[in-house]
Amino acid sequence: MPVFFRSRAGRQCLLLVALGVALWAIGAMLEFGDRLAAFVSAFDSYGADKLVLALAVGGTMSFVYSVLRIADLRREMELRARAEARADWTATHDHLTKLPNRYAFERKVVRKAPADPDAISEDWERNVTIFCVDLDGFKKVNDLIGHNGGDALLIEVSKRICAIGRADCVYRFGGDEFIIVATGLSEQHEERFARLLIQAVTRPVYIDGSAVEVGASVGYDRWAQDSEPLEHAAHRSDLAMYEAKSRGPNHYLAFQSSMRDKVALRASLEAKLRVAIQKKSILPFYQPLIDLKTSNVCGFEALARWTDDDGANISPLVFIAIAEETGLITALFEDLLAQACRDALAWDDHLTLSFNVSPVQMEDRLLTTRIFRALAATGLPAHRLEIEITENALIQDPASAAAILEELHRAGVQIALDDFGTGYSSLAQLARYRFDKIKIDRSFIATYRDDERQEKIVRAMLGLGRSLNIQTTAEGIEEQRQLSHLIQLGCDIGQGYLFGRPMPAEETLSFLANRDLALAAG
Ligand code: C2E
Ligand code: CA
Ligand code: CA
């Protein structure tokens with residue numbers, strides 16, 4: 001029914017028309033026309049004909065006026081209805097991809113089911129699976145090709161997803177996250193569908209003539225129609241997607257309850273980490289760095305150690321990652337660095353302190369200020385501090401990374417490129433920045449004696465260091481034969497369990513004394 005007739009004015013208009021027709025019918029039945037004609041001729045001398053004519057003209061004019069006003073009103077109402085529909089569309093759709101958004105998902109799908117069984121279409125009676133797709137590496141691509149390019153990529157990706165799923169069942173949830181509501185898929189089909197989604201997203205997209213690629217992580221789960229709101233299933237598919245993402249790009253996973261346990265464990269670890277940082281119970285341990293020419297200790301690398309209240313040792317790989325994600329890294333870094341600088345003052349003046357800086361810390365505008373503050377507060381000379389960074393720290397924002405490194409260099413702080421060889425742009429980084437040291441990742445040292453190609457790579461890395469006049473450190477030396485070979489190849493510094501494991505500050509002094517004694521004894 002047109003908008004106008006659904007309104008109060010429209011209903012009144014219909015009522016009046018009906019009333020008019022009824023009156024006319026009654027008039028016709030009672031032969032009102034004949035009576036009127038008789039009346040007019042009887043009172044002709046009093047001007048009754050003119051009165052009837054005036055009433056007829058007036059009535060016609062009123063009728064025309066009403067029709068015009070009704071037409072206006074109708075137009076007005078249609079405009080308003082269209083504006084409302086537009087506002088509703090804007091609120092429930094993503095402007096870029098034109099897909100419905102999270103709000104639409106909540107409103108149209110979640111609220112409909114299962115509380116309102118009438119609203120469940122036939123489709124919903126079959127099983128429903130929620131797929132969550134998140135792009136891998138989108139941010140990097142966006143930085144690389146600019147926002148317009150990123151937008152074009154998102155539009156193309158959304159079209160491809162719609163081509164697989166039903167277009168009205170694809171939602172864009174966040175920046176690069178999509179939700180697909182699929183019905184009637186068997187378990188095998190769910191898997192195939194997830195694979196198809198990854199294939200569709202990862203095919204190269206051509207933007208301004210060049211091919212751009214992103215990955216996709218997919219998680220999915222079924223909705224238990226009778227016992228939960230749909231958003232619960234969406235949440236589970238989200239958890240599965242995160243788990244898939246943690247396994248690297250282009251993975252898909254169905255939800256499992258262990259994923260929820262993992263999230264709960266992470267939340268509890270995060271809470272414990274906050275307390276541990278507050279109580280300063282995370283401490284730096286120190287692993288010796290050995291000058292391979294003289295066999296003397298030339299410094300220590302500080303490595304964070306955390307034993308929780310239950311006596312369990314939590315790996316820095318775990319808690320540093322949580323600290324990075326939650327922003328706790330800054331407080332942790334400041335405490336550990338200040339403590340490490342104080343501990344380093346107890347060593348001989350020529351020993352350096354190597355300290356790890358996380359990639360996310362390169363976004364901290366106050367990073368250099370924090371480092372200088374720690375040096376000033378403890379009195380450790382800048383040249384005794386060496387900052388270890390990985391290539392990942394350099395690629396995010398190369399210009400600001402260069403500025404940070406330059407400022408540290410100017411102050412006399414040394415810079416080491418950590419985990420060398422594990423990133424993807426090592427050579428580019430070496431050309432761009434001035435490093436004092438490169439640390440060859442321990443994965444190369446662990447296997448290189450058994451693997452000819454690895455040996456060639458290590459040899460090449462050492463040669464690279466020599467020709468660029470940068471010192472090289474080999475990490476993860478565990479065996480004498482590895483050491484002998486590295487010495488033979490001209491590696492400058494060694495680190496690994498063969499020389500010493502990370503130890504508490506108190507043990508560093510006895511370690512140094514024992515090593516001196518051992519060297520003196522030959
Ligand atoms: P990394 O900087 O590459 O540190 C070297 C890691 O290799 C340390 O592990 C060390 O214990 C281990 N390692 C040393 N020698 C050997 C060996 O001979 N064999 C083997 N298999 N491993 C050896 P750890 O202490 O578990 O630290 C792991 C990573 O956690 C570090 O890798 C570093 O990236 C990060 N990390 C540790 N402490 C800190 C910190 O205070 N701040 C930041 N940002 N990251 C830290
Ligand atoms: Ca390191
Ligand atoms: Ca390393």
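Note that ligands are numbered from 1 as they come in the structure, with each ligand's atoms numbered from 1 the same way. Here the structure is a predicted model, which means the values were calculated and not measured.
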Self-check item: Any N or O of Ala304 closer than 3.5 Å to N or O of ligand 1
Solution: yes
Quiz item: Would you call Gln287 a ligand 1 contact, heavy-atom distance under 4.0 Å?
Solution: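 The answer is yes: ligand 1 sits under 4.0 Å from a heavy atom of Gln287.
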Quiz item: Does ligand 1 have any atom that is closer than 4.0 Å to a heavy atom of Lys439?
Solution: no
Region of [X] that comes within reach of ligand 1 [heavy atoms, distance under 4.0 Å]:
X: Leu332; answer: neither
X: Arg442; answer: side chain
X: Ala446; answer: neither
X: Thr390; answer: neither
X: Ile320; answer: side chain

Ligand-residue contact atoms, ligand 1 with [X], heavy atoms, under 4.0 Å:
X: Pro502; result: 11 (O)
X: Glu301; result: 2 (O), 4 (O)
X: Glu475; result: 3 (O)
X: Asp419; result: 3 (O)
X: Glu478; result: 17 (C), 18 (O), 19 (N), 20 (C), 21 (N)

Quiz item: Would His409 and Asp436 count as having a side-chain donor-acceptor pair, cut-off 3.5 Å?
Solution: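 Note: His409 and Asp436 side chains meet the donor-acceptor criterion.
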Quiz item: Does NZ or CZ of Arg501 lie under 6.0 Å from the centre of the six-membered ring of Tyr497, at an angle within 45° of the ring axis?
Solution: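 Yes, Arg501 and Tyr497 form such a contact.
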Exercise. Measure up the Phe300 and Trp347 rings against each other and bin them: parallel (under 30°), tilted (30 to 60°), perpendicular (over 60°).
Key: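 It falls in the tilted class, 30° to 60°.
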Quiz prompt | OE2 (Glu475) to the Ca ion (ligand 3) to OD1 (Asp419) angle, given to the nearest 10 degrees | solution = 140°
Protein heavy atom at shortest distance from [atom]:
atom: atom 32 (O) of ligand 1; answer: Leu303 CD2, 4.9 Å
atom: atom 45 (N) of ligand 1; answer: Asn356 CB, 3.7 Å
atom: atom 28 (C) of ligand 1; answer: Leu317 CD2, 3.7 Å

Quiz item: Looking at atom 42 (N) of ligand 1, would you say a protein heavy atom lies below 4.0 Å from it?
Solution: yes
Quiz item: Taking the six-membered ring for Trp, are the ring centroids of Phe131 and Phe178 within less than 6.0 Å of each other?
Solution: no
Quiz item: Any idea which N/O/S atom from Asp418 gets closest to the Ca ion (ligand 2)?
Solution: OD2
